[in-house]
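Since the structure is predicted, the reported quantities are computational estimates derived from the model, not experimental observations. Just so you know, ligand 1 is whichever comes first in the structure, and atom 1 is the first atom listed for that ligand. These values consider heavy atoms only, across backbone and side chains, with no hydrogens, waters or symmetry-generated copies.
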Amino acid sequence: MRMNVLLVVAALLANATPAYQQSGPRVIEVTAERFTFSPSEITVRTGEEVEFRVRSEDTAHGFRIAGTAVNGVVPKRGKGVLTVATTFDRPGRYTIECTRMCGAGHDFMRGIVVVRDATERGR
Ligand code: CUA
């Protein structure tokens, strides 16, 4: 019985990273937990298609990237994953903000997306 469970887990893990994903968006897994996003700093390149998959470890949170159309709700733990795709056209620093009241540290629940110019090298 234990062996069967392990096989199922292995199959799920294999499905999580199919080979064809290499030609699709870059998937970035993010965890939201009072009162941080992990990773708290995410670096991408201009023109890169990215897909954020945001999961909560506790209550519901918001996931908004200032200056972009990204603005969603991260369901509370065990209730699903917020999946949102975007592409950054301009380099810069974009603040990730929690937009749902989640407790005393809500106003400070922030992260950052650092967008680098894809044409620059060695940075
Ligand atoms: Cu997390 Cu507000």
Item to complete: Angle at atom 1 (Cu) of ligand 1: provide the value between SD of Met109 and SG of Cys102, rounding to 10 degrees.
Response: 110°
Item to complete: To 10°, measure the O(Arg100)-atom 2 (Cu) of ligand 1-SG(Cys98) angle for me.
Response: 90°
Discussion item. Restricting to N, O or S atoms, which atom of His106 is closest to atom 2 (Cu) of ligand 1?
Written reply: ND1
Discussion item. With carbon and hydrogen excluded and only N/O/S kept, which atom of His61 is nearest atom 1 (Cu) of ligand 1?
Written reply: ND1
Practice prompt. Keeping the roles fixed (side chain from Thr46, backbone from Pro91), state whether a donor-acceptor pair exists under 3.5 Å.
Written response: no
Discussion item. Check this for me: does any side-chain nitrogen of one of Glu57 and Arg55 sit under 4.0 Å from a carboxylate oxygen of the other?
Written reply: no
Fill in: Phe52 and Phe88 aromatic ring geometry - parallel, tilted or perpendicular at 30°/60° bounds
perpendicular
Worksheet item: Can any side-chain N or O of Arg34 pair as donor or acceptor with the backbone N or O of Cys102 at less than 3.5 Å?
Response: yes
Item to complete: Using 2.8 Å as a strict upper limit, say whether an N, O or S atom of Gly105 approaches atom 2 (Cu) of ligand 1 that closely.
Response: no
Worksheet item: Do side-chain atoms of His61 reach the backbone of Arg100 as a donor and acceptor pair under 3.5 angstrom?
Response: no
